[in-house]
Amino acid sequence: MSSRSSFITSLAPLCIIGGLLYAALYIKPAGGGTALEPPVIAPRDHFYAMVQAAAGQFWAVGNDGKVVLGDGRGRWQVQASGTRAHLQAVDAWDARHALAVGNEGTVLSTSDGGQTWLKAEAPVSATANKLMRVQALPDGQAVAVGEFNTVLLGSAYGRHWERLTPEQDVAWYGLAVRGSRITVAGEFGRLMQSDDLGRSWRAITTPTEAHLTAVAFADERRGVAVGLNGTVLLSEDGGRSWLPVGQGGEEHLYDVSWDGRRFVACGDRGLLLESADGRAWKALDAALGEARNFLWFSRVVPGADGLLLAGATLGVIHGDRFVSLASKAAGTSGPASATAR
């Protein structure tokens, strides 16, 4: 082979690389086709809380600041929350006013049905500041709890907050407010209670050292607290004393609520339990079928048409039938949120 041919051959790779660079920098692809919108509820989404604000309207919040609004007819939209912090809890006063809290001391409120979510400054700890629960109260007030002994009282529909407790190394996960009585539940079996909307507190002795994740009351006297390792506690004196109640399992329980006729608890591996009196519990998870072992639920709340479930997916239990809200939403679309994913 001549030296000239060898020289030309040696240039071939450089010509190929140069052509690729030219195409990458200067040749623009022709427009065409249709951009695929991501589903409103994606398989990787986890929702930590849910609330029905009004008939046919509910919010769900979860990882990466995601807020989803459903209209009860299979139509969903993602609302821009303005944060990437995980949102742990949501509650609503009505169809326009709602409140969400979560990691990094995040407190969000809306007064226009979620078209805009505004961040409020809350006096959380700089050391540990995850907020775990929030409950809306009459007249635009609210209570939120979280890490480092945080109990907050909100006003003006979540725009203003004051701290009710000093900073201490204890985390609160559960919250129940009835009138002016606040009951909070937390790590290592801790409970405390206030009868004057947080101005004074008393510690409550419990028979467990398991983390308590939620607490709910049926009336002024009967209440249930649940927690890790299948822990279920019952109070029949308004929360001043608690007794252990065996429910036959060791799966972690993450929430409990009262739907007007029974307590309902949820947790790992699709665990759902119900009890009319807080003492005798039975499984309610038959509606989940074979999907049970692949699911977990962090919140169960009563809705107008059944029990609303949030966790590895969103769903509603109508009688003995489970309806996945995520599958209904998979084929719908909504406005994209810059902070939702």
Side-chain angles (χ1 to χ4, degrees), residues 37-42 45-124 129 131-146 152-162 175 177 299 301-305 308 310 314 316 325-326 328-329 332-341:
E37 290 187 1
V40 176
I41 299 177
D45 289 335
H46 291 162
F47 292 94
Y48 304 128
M50 195 174 184
V51 65
Q52 182 155 11
Q57 177 182 330
F58 47 87
W59 275 288
V61 302
N63 60 320
D64 294 328
K66 190 158 190 176
V67 178
V68 176
L69 177 69
D71 67 358
R73 296 188 296 272
R75 292 196 295 260
W76 290 76
Q77 63 177 353
V78 178
Q79 296 185 326
S81 67
T83 183
R84 293 301 300 268
H86 295 346
L87 298 175
Q88 303 286 348
V90 62
D91 204 359
W93 290 272
D94 52 46
R96 295 183 61 82
H97 298 88
L99 186 64
V101 302
N103 294 13
E104 302 172 15
T106 301
V107 178
L108 305 175
S109 67
T110 181
S111 59
D112 57 11
Q115 296 181 47
T116 55
W117 287 87
L118 302 177
K119 188 172 183 178
E121 294 298 325
V124 296
N129 49 32
L131 294 172
M132 298 299 300
R133 295 272 179 164
V134 67
Q135 184 173 334
L137 308 180
D139 302 320
Q141 288 190 304
V143 175
V145 299
L152 305 176
L153 178 64
S155 58
Y157 293 100
R159 291 191 294 274
H160 306 299
W161 294 86
E162 63 175 303
L175 168 68
V177 185
R299 202 73 87 242
V301 294
D305 299 319
L308 303 176
L314 295 175
V316 182
L325 298 178
K328 290 177 67 178
T332 66
S333 62
S337 166
T339 62
R341 301 181 186 279

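Note that the structure is predicted; figures quoted are calculated from it, not measured.
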State which residue, out of Val90, Asp91, Val107, fulfils the side-chain contact (heavy atoms from CB on, under 4.5 Å) condition with Val134. Asp91

Do Tyr157 and Thr110 come within less than 4.5 Å of each other through their side chains, counting heavy atoms only? no

Looking only at non-hydrogen atoms, find the nearest pair between Gly158 and Ala120 and report the distance. O-CB, 3.4 Å

Decide if atom CD of Glu162 counts as having more than 12 heavy atoms of other residues, nucleotides or ligands within a radius under 6.0 Å. yes

Measuring only between side-chain heavy atoms, which start at C-beta, is Leu152 closer than 4.5 Å to Leu131? yes

Kindly give the heavy-atom pair with the smallest separation between Ala156 and His160, and that separation in Å. CB-CD2, 3.6 Å

Any side-chain heavy-atom pair of Phe58 and Val316 under 4.5 Å: no

Would you call Gln57 and Leu69 a side-chain contact if the rule is heavy atoms closer than 4.5 Å? yes

Taking all heavy atoms of Ala89 and all of Ala49, pick out the closest pair and write down the distance. CA-CB, 3.5 Å

For residues Leu175 and Arg133, report the shortest heavy-atom separation together with the two atoms involved. CB-CB, 3.9 Å

Say you draw a straight line from CG of Leu308 to CG of Leu314; how long is it, rounded to the nearest 0.5 Å? 9.0 Å

Which heavy-atom pair separates Leu87 from Tyr48 by the least distance, and what is that distance? O-CD1, 3.2 Å

Is it the case that the side chain of Arg299 and the backbone of Gln88 share a donor-acceptor pair, with hydrogens and angles ignored and the cut-off at 3.5 Å? yes

Is the backbone of Ser111 close enough, under 3.5 Å, to the side chain of Arg96 for a donor and an acceptor to pair up by distance? yes

Counting only N and O atoms by type, is there a donor-acceptor contact under 3.5 Å from the side chain of Gln135 to the main-chain atoms of Val177? yes

Is there side-chain contact between Val301 and Val51, with at least one heavy-atom pair below 4.5 Å? no

Measure the shortest side-chain to side-chain distance between Trp59 and Val67 over non-hydrogen atoms and say whether it is less than 4.5 angstrom. yes

With distance as the sole test, does Gln79 use its side chain to make a donor-acceptor pair with the main-chain N or O of Trp117 at under 3.5 Å? no

Which pair of non-hydrogen atoms, one from Leu108 and one from Leu99, has the smallest distance, and what is that distance? O-CD1, 3.2 Å

Heavy-atom donor-acceptor pair, Trp93 side chain to Asp139 backbone, under 3.5 Å: no

Measure the CD-CZ distance between Glu104 and Arg84 for me, rounded to the nearest 0.5 Å. 11.0 Å

Please examine the side chains of Lys66 and Asp45, heavy atoms only from C-beta on, and report whether any two atoms are closer than 4.5 Å. yes

Would you call Asp64 and His86 a side-chain contact if the rule is heavy atoms closer than 4.5 Å? yes

Hey, what do you get for CG (Leu137) to CG (Leu153), rounding to the nearest 0.5 Å? 7.5 Å

